[in-house]
**Student:** 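Quick one: this structure, given as structure tokens, is what I'll be asking you about.
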Amino acid sequence: MTVREKAMRKYDFKTIEQKWQDKWNEQKLFEAPVKPDPNNKFYMLVMFAYPSGDIHMGHFRNYLIGDAVARRQMMLGKDILHPFGWDAFGLPAERAAIKRDLHPEKWTLQNISVSKSTLQKAGISFDWTREVNSCMPDYYKWTQWMFIQLFNKGVAYRKRGFVNWCPEDKTVLANEQVKDGKCERCGTAVVKKDQIQWYFKITDYADRLIDDLDKLPDWPENVKTMQREWIGRSHGLEIDFTIDGSDKTLPVFTTRQDTIFGVTYMAVSPEADILEHLKLESEYAEKVEAYKKLAAGRSDIERVSATGDKDGVFTGKYAINPFNGEKIELWVADYVLAGYGTGAVMGVPAHDIRDFAFAIKYNIPIKVVIHPDKKTRLKVEEMEDAFVEYGPMVNSGQFDGLAGDDALEAVSNFAEEKGIGRRKVNYKLKDWSISRQRYWGCPIPIIHCEKCGMVPVPEKDLPVLLPKVENYIPKGRSPLADVPEYMNVKCPKCGGEAQRDPDTMDTFVCSSWYFLRYLDPHNDLEPYSKELANLWMPVDLYVGGITHATGHLIYFRFFTKFLHDIGWLDYEEPAKILFNLGLVMDAKGEVMSKSKGNVTSPIPLMNEHGIDITRLAMYFTAPSEKEVLWNNETLVGVEKFVINRFYPIIKEYRKTKPNLKYYFKQDELSRDEKEIYLKLNQTIKKVSVSYDHLHFNTAVAALMELVRDFDTSKIKNDELNDLIIIKTIQMIAPLAPHLAEELWEAVGFEKSVFKRGWPDYDPEAIIGDTINIAVQINGKLRDTIEVSVDADEKTIEKEALKSPKIQKYTDDKKIIKKIHVKGRLLNIVVK
RNA sequence: GCGAGAGUGGCGGAACUGGUAGACGCGCUGGAUUUAGGAUCCAGUUCCCUUGGGAGUGGGGGUUCGAGUCCCCCCUUUCGCACCA
């Protein structure tokens, strides 16, 4: 018989786990009530999963955190909603499908089935009756419905413009999907492409998305900061420059209007419209055209990596600074971003690092208009870089001497009075590009009619089903465009010949509202019932990875606000608490990923050690927010704990069926009994706090201590003995649910441990009769003394000064003062 | 470059609003039991001299009776943003 078989004989987890999973199913324990009590509900949401294979350690950890919270909240008597689903559209399905000659749907559904069985095996308390799958028509019908609502309100719109294009995946990407100028998924350098695209006008929500962050005290500060910076609001002035010899004005946005008198040139981005309208002299026109081509071919990384090196060409045209009438050269330069502000900048070399580099390169004059302070002068010849701080304005006519905010205000006021500029707020956030030229996504429910324009598909005709196609290999345009049966339709308005929109939606659209579908997942008349949604919302705790900080978590908030605005939701923020769990890395500290091939699965561990031991190991390793380096050795300690200590406590049960609400009185208990009763109550308090903070590692540690100190031979009071066993079982239940249920049944309860409350501690019994007081001399620990809990300061001092260890330090010294911290220490200051 | 975290034994990690640093576990050492154990139980385990001390939470300063915790400077590291005018 192997060691493992011996252990199995003591703790037959396979039988236990199966038994309880079956019972939970029979009892429908995890099915959420249809209508919760809104004052006593808990919506536990974990980010739904992209089914790219099986669940790995990272998912496992995420769902374990949610599971422990959901189960504990159930014990606290809440109406629990703990649903799960699949973010099932997306590129990897197509890629895998192409590689294996398998339809994306088939590949996706297979992965879902594997992942689902893993999750069910892990005993996660999901309510599977509410499972949603974003690639199924009963779900994406409502994604299309959402699109149409956005379209009707003008929030979804189409425009031509330069977009991020991934040459490998042959599709458009949202800004949020471009990392370091590369496609987030495949790492290919992204290029600019001029295309008609669908956008969501998320910029209309920019202010609310920033301002409402202040209403989310329980969101992590770093996520809020990242969102603020991503949205990137800045207040400034838009100033109208005129083009010399033309009636065109060219507005520029600046946040440094105090440097307006230092403008020595002007630059527009190669994509700027104005270039089409200026009649350039032929010698310049050619150069500008050539430069535009060069810039368009450059990837974002090439543009960005050239941080120091800026290039551009002179257009032969001049602009006029409305503040001083100076004539300055108009350049084209690709360090000017087309998508920000007006796509044009005023060049102030003396006070802007980029402009400085550009001016040096092309010998453009540099003019100082800000001094560091009233005494210090800047000399152009000595400048090695731009001076970008605030300071008093100089060489700026009437504004000389003004500095900082005063200067900004004065210049803005002047511009507005004279009608040569206006205050303006700009955002880094751009409208969300949501159309994709790929197959495996939610079809866009719009019909293009020559007569009627863009017509949304009538609600009764939803969903627009994704047709089967022969070939979904990407070629730069939507595969659906090649399916005439799909494309050719009658216009819903005029009945004439019309065409469907061939694009599909970014999968982030699907994941922007899934949390609402869970609330009413089988509704085929509406996306969800408003009544139910308002009862369940908001999400009480949302657990997921930090990677979604500026993508999904902004879209998710945006959709919530939109639905609020059109009367579909009473709330403007979707989640009360956001919790970012730490990554799971391999033992070497590398992030687990499929491409690295270092992904570990929890399945073999669960098979070998049992689900609860695997779960406890994950909980015990580190607090939830910290990254963990997964190491199977973590299992050793908890396995010993469960098999040798925890599980066997049932043998000590004396079948008294104690009253769980009973608090023992001091005189009922012996000294030893008092001690363990104290430990029990302290543990209940400690474990409860640990659960509140999602610090399950310290909960496990506290339970280990309690069980270690529980010496049944010293306990004569049978009720006390049994009470300790019962409460210990309750405390471990959210972490090791099968084990807990098994023991719970063994002590004679019929109803599930999750339906019998959470233990309260006896407030009288968390402080013992005596306490240890640390005695310090000048802040250094020299002794500890045991005193009665109600001993006053004088008694403690007397007791302390009796100690020989203390006397050693006080004998020939003078006691200057004594600091007494109640219940903790006495510090004697001597000289 | 900018912004936000983090840095505690050989290792994972404890330490509530400043108040006995190293809980709990791994590993290691010794012992008990055992035919044997990689099983179980008990004890020890921050480091340095020693039976009493000294040092100690990345480094250096400061505030305080008292600092892992607060303040300043520096180092290392993780994450995010990265020409946003």
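Everything numeric here is computed off the predicted structure, so don't read it as measured data. Protein chains get the first letters and strands the later ones, always in sequence-line order, with residue 1 at the start of each.
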**Student:** Roughly how far apart, to the nearest Å, are C70(B) and U20(B) at atom P?
**Tutor:** 16 Å

**Student:** Using the P atom in both, what is the distance from G25(B) to U40(B), to the nearest Å?
**Tutor:**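 Between the two P atoms, the distance is 13 Å.
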
**Student:** Name all residues meeting the salt bridge (charged side-chain N to carboxylate O under 4.0 Å, His left out) criterion together with Asp218(A); count only those two or more places apart in sequence or in a different chain, and write none if there are none.
**Tutor:** none

**Student:** For residues 383-390 of chain A, dump all side-chain donor-acceptor pairs below 3.5 Å to protein atoms at least two apart in sequence or in another chain.
**Tutor:**
none

**Student:** Please report the distance separating the P of G61(B) from the corresponding atom of A55(B), rounded so that it comes out in whole Å.
**Tutor:**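 Pairwise P distance, G61(B) against A55(B), rounds to 15 Å.
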
**Student:** Suppose we screen for salt bridge (charged side-chain N to carboxylate O under 4.0 Å, His left out). Which residues come up paired with Lys685(A), at least two apart in sequence or across chains?
**Tutor:**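 Not a single residue meets the salt bridge (charged side-chain N to carboxylate O under 4.0 Å, His left out) criterion with Lys685(A).
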
**Student:** Dump every N/O contact between nucleotides 55-58 of chain B and the protein below 3.5 Å, one line per pair.
**Tutor:**
none

**Student:** Looking only at atom types and distance, does a side-chain atom of Gln177(A) sit under 3.5 Å from a main-chain N or O of Ala174(A), one as donor and one as acceptor?
**Tutor:**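 Confirmed, Gln177(A) side chain pairs with Ala174(A) backbone.
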
**Student:** Among the nucleotides C83(B), C81(B), C26(B), which one has an atom lying closest to any side-chain atom of Lys310(A)?
**Tutor:** C83(B)

**Student:** Where the side chain of Glu705(A) is concerned, which of C81(B), C26(B), C24(B) is the nearest nucleotide?
**Tutor:** C24(B)

**Student:** Tell me every residue that passes side-chain contact (heavy atoms from CB on, under 4.5 Å) with Ser412(A), counting only those two or more places apart in sequence or in another chain.
**Tutor:**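 Partners of Ser412(A) by the side-chain contact (heavy atoms from CB on, under 4.5 Å) criterion, ordered by chain and then number, come out as Leu237(A), Gln257(A), Arg423(A).
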
**Student:** How would nucleotides 17-22 of chain B be written as a contact map, 5' to 3', with B for base contact, S for sugar-phosphate-only contact and - for no contact, using protein heavy atoms under 4.0 Å?
**Tutor:** --BB--

**Student:** Apply salt bridge (charged side-chain N to carboxylate O under 4.0 Å, His left out) to Asp352(A) and list each qualifying residue two or more places apart in sequence or on a separate chain.
**Tutor:**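 Partners of Asp352(A) by the salt bridge (charged side-chain N to carboxylate O under 4.0 Å, His left out) criterion, ordered by chain and then number, come out as Arg354(A).
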
**Student:** Please state the C1' separation for the pair C26(B) and G13(B) - nearest whole angstrom.
**Tutor:** 11 Å

**Student:** Side chain of Lys179(A): nearest nucleotide among C81(B), C24(B), C65(B)?
**Tutor:**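 Within the option list, the nearest is C81(B).
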
**Student:** Encode nucleotides 5-12 of chain B as B, S and - characters from 5' to 3', where the letter depends on protein heavy atoms closer than 4.0 Å: B to the base, S only to sugar-phosphate, - to neither.
**Tutor:** -------B

**Student:** State which of G13(B), A15(B), A85(B) makes the closest approach to the side chain of Asp352(A).
**Tutor:** A85(B)

**Student:** I'd like a table of donor-acceptor pairs (distance under 3.5 Å, sequence neighbours excluded) in which one partner is a side-chain atom from residues 355-362 of chain A, with atom names and distances.
**Tutor:**
from	atom 1	to	atom 2	distance (Å)
Asp355(A)	OD1	Tyr265(A)	OH	3.3
Asp355(A)	OD1	Tyr335(A)	OH	2.8
Asp355(A)	OD2	Val348(A)	N	2.9
Lys361(A)	NZ	Asp309(A)	OD1	3.2
Tyr362(A)	OH	Gly312(A)	N	3.1
Tyr362(A)	OH	Gly312(A)	O	3.2

**Student:** Strictly under 4.0 angstrom, non-hydrogen atoms only: write out the protein contact profile of nucleotides 40-53 of chain B, one letter per nucleotide from the 5' end, B, S or -.
**Tutor:** SSS---------SS

**Student:** Could you tell me which residues satisfy side-chain contact (heavy atoms from CB on, under 4.5 Å) with Thr255(A), sequence neighbours excluded, listed by chain and number?
**Tutor:**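 Thr255(A) satisfies side-chain contact (heavy atoms from CB on, under 4.5 Å) with Ser234(A), Phe253(A) once adjacent residues are dropped.
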
**Student:** Under 4.0 Å, counting only non-hydrogen atoms across every strand here, what does Val336(A) touch: a base, just sugar-phosphate, or nothing?
**Tutor:**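 Here Val336(A) touches the bases of the nucleic acid.
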
**Student:** Regarding C65(B), can its base be found pairing with the side chain of Lys818(A) as donor and acceptor, where the two atoms are less than 3.5 Å apart?
**Tutor:**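 Such a pair does not exist between side chain and base.
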
**Student:** When Watson-Crick pairs (N1 to N3 and N6-O4 or O6-N4) and G-U wobble pairs (N1-O2 and O6-N3) count only below 3.5 Å on both distances, what is the dot-bracket string of RNA chain B, with | for other-strand pairs?
**Tutor:** (((((((..(((......[....)))((((((.......))))))((((..))))..(((((..]....))))))))))))....

**Student:** Given A14(B), C65(B), A85(B), identify the nucleotide with an atom nearest to the side chain of Thr698(A).
**Tutor:**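 Ranking A14(B), C65(B), A85(B) by closest atom to the Thr698(A) side chain puts A14(B) first.
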
